[in-house]
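Please read all numbers here as calculations on a predicted model, not as lab measurements.
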Amino acid sequence: MAMTPPEQVMSPLRRAAEAAEEASGLRGEIIRGVLMMSPTPRGKHAGIINAVAKQLLGGLPAHLDAFQVASVSLPDDADDYATPDLMVCDAAFGESDDWLADPADVELVVEVVLKGNSTKDTRDMVAWYADAGIPAYLLIDPRDGTWTLRTTPRDGEFQGSLRGRFGEGVELTALGAKIATDGFVRYA
C-alpha cells in the first residue's frame, strides 16, 4: 500500500477547510483549489450508501475494504482532496493514521448525488476522479433513479460509461462484485 507523504505544513486553504468543517459541521473538500462544502447527507442519501457498503463488504477481495467518510488526494497534491461517500481501497488504510488515501490504492469511489446538487457530483467530480486515476466511479442519482458507472481513466477523462436505472444491478467486474439497486429510494 502506498502511503501519503507525512503531514507537511498545512496550506491556508486547507486550514480554512478544517476550520469551516469544525465551525459548521459541513463536510469540506478542496477540488481544483476551490473549497467546497457539503451538508450532512439526508436519510435517503445515507441509506443508499449503507446499502452499497453492506453489499460490498462481504464480497471484496481480502486486500480491499470499503470506507465511508475517508478522503483521497490528487496525486502529488495533498491539498487537493475529495471525500467520496464511499471508497474502496487497500484494507491497510483502515489501520493507518493517514487521513488521505493514496489514489493509487483506490479501486472505486461511490457518490450519491445530493438533492440540491446539480453539478458537483455529475460534472466536477467526474473529471477530478479521472485526473486522480481512480479506476471506477459509481454515481448514484436518487433524483431520477439512475446510476452511472465510469471506468478506465485516461488523460483526465473516463473512457467507459455505463448507465442504468434503479432495479438494474451494477456489475463491478474488476472487484468481482455486483450491487443490487432495486432497494434504492428516490428523493421526493
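For Ser73 against Asp77, the heavy-atom pair with the smallest separation is CB-O, 3.8 Å. Pro61 and Leu175 get closest at one heavy-atom pair: CD-O, 3.7 Å. Minimum heavy-atom separation, Ala70 to Pro84: O-CD, 3.4 Å. Nearest heavy atoms, Ala130 versus Pro153: O-CB, 3.6 Å. Nearest approach of Cys89 to Ala101, heavy atoms of both residues: SG-CB, 4.4 Å.
The CG atom of Leu56 sits 10.0 Å away from atom CG of Asp65, with the distance rounded to the nearest 0.5 Å. From Leu100, atom CG reaches atom OG of Ser71 across 6.0 Å, with rounding to the nearest 0.5 Å. Atoms CG and CG, on Asp105 and Leu64 in that order, are 9.5 Å from each other to the nearest 0.5 Å. Annotation: the span from Phe184 atom CZ to Lys44 atom NZ amounts to 14.5 Å, rounded to 0.5 Å.
In terms of hydrophobic clustering, with Ile, Leu, Val, Met, Phe, Trp and Tyr side chains grouped at heavy-atom distances under 4.5 Å, Leu162 and Val110 are assigned to a common cluster.
Screening Val112, Leu86, Asp85 for a side chain to side chain contact (heavy atoms under 4.5 Å, CB included) with Ile48, the sole residue that qualifies is Val112.
Applying the ring-ring contact (aromatic ring centres under 6.0 Å, His included) test to pairs two or more places apart or on separate chains, those with a residue in residues 56-76 are Phe67-Phe93. Residue pairs meeting the salt bridge (charged side-chain N to carboxylate O under 4.0 Å, His left out) criterion with at least one member in residues 157-177, sequence neighbours excluded, are Glu171-Lys178.
Partners of Asp144 according to the side chain to side chain contact (heavy atoms under 4.5 Å, CB included) rule, which considers only residues two or more places apart in sequence or in another chain, are Asp141, Thr146, Arg186.
In this structure a side-chain-to-backbone donor-acceptor pair under 3.5 Å is present from Gln55 to Ala180. Judged by distance alone, the side chain of Lys115 and the main-chain N or O of Pro142 form no donor-acceptor pair under 3.5 Å.
For the pair Ile49/Ile140, no side-chain contact is recorded, criterion being any heavy-atom separation below 4.5 Å from C-beta on. Residues Thr151 and Gln159 form no side-chain contact, since every pair of their non-hydrogen atoms from C-beta on lies 4.5 Å or further apart. Side chains of Leu108 and Met87 form no contact here, defined as non-hydrogen atoms less than 4.5 Å apart. You'll find the side chain of Thr148 stays beyond 4.5 Å of the side chain of Leu138, heavy atoms only. Between Leu139 and Val113, some side-chain heavy-atom pair lies under the 4.5 Å cut-off. For the pair Trp147/Thr181, a side-chain contact is recorded, criterion being any heavy-atom separation below 4.5 Å from C-beta on. The closest side-chain heavy-atom distance from Asp76 to Leu74 is not below 4.5 Å.
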> Should Gln68 and Asn50 be marked as a side chain to side chain contact (heavy atoms under 4.5 Å, CB included) after you check the CA-CA gap, both sets of side-chain angles, and the distance that decides it?
Replying inline: CA-CA 9 Å; Gln68 295 183 45; Asn50 284 342; 3.4 Å; yes
>> Trp99 vs Tyr81, test: ring pair (Phe, Tyr, Trp, His ring centres under 6.0 Å). Steps then yes/no.
In response: CA-CA 10 Å; Trp99 74 278; Tyr81 66 94; 4.7 Å; yes
>> Evaluate Phe158 against Val126 for side chain to side chain contact (heavy atoms under 4.5 Å, CB included), listing each step before the verdict.
In response: CA-CA 8 Å; Phe158 284 105; Val126 174; 4.0 Å; yes
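Note on ring orientation: taking the six-membered ring where Trp is involved, the planes of Tyr129 and Tyr137 are tilted (angle from 30° to 60°).
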